[in-house]
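See below for the structure under consideration.
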Amino acid sequence: MNNFVYKTDKENTIYLGDHHGNFSCIVNFCKKHSNYCIIQVGDGTALGFRHPKEEASIFRKLNKILHESNNEIIFVRGNHETATPYINKW
């Protein structure tokens, strides 16, 4: 098992889970708060259930919102995320 250590310069941390690809909760949070490290603790992306190009577009938009609000996000894979569509594709 590999250990993972992530150091952030953000002043605050919030944990989020099980929104299953409905990113409006993150967008709304970022409109009101800045300088947070958001830790998505699983079942947040529903990764693998949309076309890869659609998912890439969603993540580009989410990245822009996070950048503009000085927030960052860490995704932890949940049981509703799958990397299968991405294996040997990117």
Side-chain angles (χ1 to χ4, degrees):
M1 179 176 182
N2 294 330
N3 292 325
F4 176 77
V5 176
Y6 180 80
K7 293 183 180 182
T8 180
D9 63 348
K10 303 303 177 200
E11 295 176 6
N12 306 291
T13 302
I14 187 169
Y15 297 87
L16 175 67
D18 292 293
H19 61 81
H20 296 277
N22 181 355
F23 292 105
S24 62
C25 58
I26 296 173
V27 171
N28 291 334
F29 180 85
C30 289
K31 287 179 180 178
K32 298 175 185 175
H33 304 282
S34 64
N35 207 29
Y36 271 80
C37 177
I38 303 165
I39 301 176
Q40 169 54 54
V41 295
D43 296 343
T45 65
L47 190 64
F49 291 93
R50 296 182 186 98
H51 189 278
K53 288 184 180 180
E54 181 183 356
E55 288 181 345
S57 175
I58 290 168
F59 281 105
R60 278 192 298 275
K61 291 174 187 173
L62 183 60
N63 189 52
K64 182 178 184 229
I65 291 164
L66 288 162
H67 179 75
E68 289 171 352
S69 61
N70 193 34
N71 291 310
E72 61 186 21
I73 193 164
I74 299 170
F75 288 102
V76 178
R77 185 175 171 204
N79 66 317
H80 286 118
E81 277 103 17
T82 176
T84 305
Y86 301 97
I87 295 174
N88 297 322
K89 301 276 182 184
W90 291 25

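Hydrogens, waters and symmetry mates play no part in the numbers below; they use all other heavy atoms, side chains included.
Y15 is linked by a side-chain contact (heavy atoms from CB on, under 4.5 Å) to T13, I39, V41, counting only residues two or more places apart in sequence or in another chain. Under the side chain to side chain donor-acceptor pair (under 3.5 Å) criterion, T8 pairs with E72, not counting sequence neighbours. Listed by chain and residue number, K10, E11, N70 satisfy the side-chain contact (heavy atoms from CB on, under 4.5 Å) test with N35 (two or more places apart in sequence, or in another chain). With sequence neighbours left out, the side-chain contact (heavy atoms from CB on, under 4.5 Å) criterion links L16 to H19, C25, I26, I38, Q40. In this structure, H67 has no side-chain contact (heavy atoms from CB on, under 4.5 Å) partners at least two apart in sequence or on a different chain.
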(request) Just do the side-chain contact (heavy atoms from CB on, under 4.5 Å) check on L66 and C30 with the steps written out, would you? (result) CA-CA 7 Å; L66 288 162; C30 289; 3.8 Å; yes

(request) Show your working on side-chain contact (heavy atoms from CB on, under 4.5 Å) between I14 and F29 and close with a plain yes or no. (result) CA-CA 10 Å; I14 187 169; F29 180 85; 3.7 Å; yes

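With rounding to the nearest 0.5 angstrom, the CG atom of N71 is 6.5 Å from the OG atom of S34. Rounded to the nearest 0.5 angstrom, K31 NZ and S69 OG are separated by 11.0 Å.
Among residue pairs with one or both ends in residues 59-71, those qualifying as salt bridge (charged side-chain N to carboxylate O under 4.0 Å, His left out) are K64-E68; sequence neighbours excluded.
At a threshold of 4.5 Å between side-chain heavy atoms, the hydrophobic network of Ile, Leu, Val, Met, Phe, Trp and Tyr places Y36 and I65 in two separate groups.
A side-chain donor-acceptor contact under 3.5 Å links N28 to the backbone of S24.
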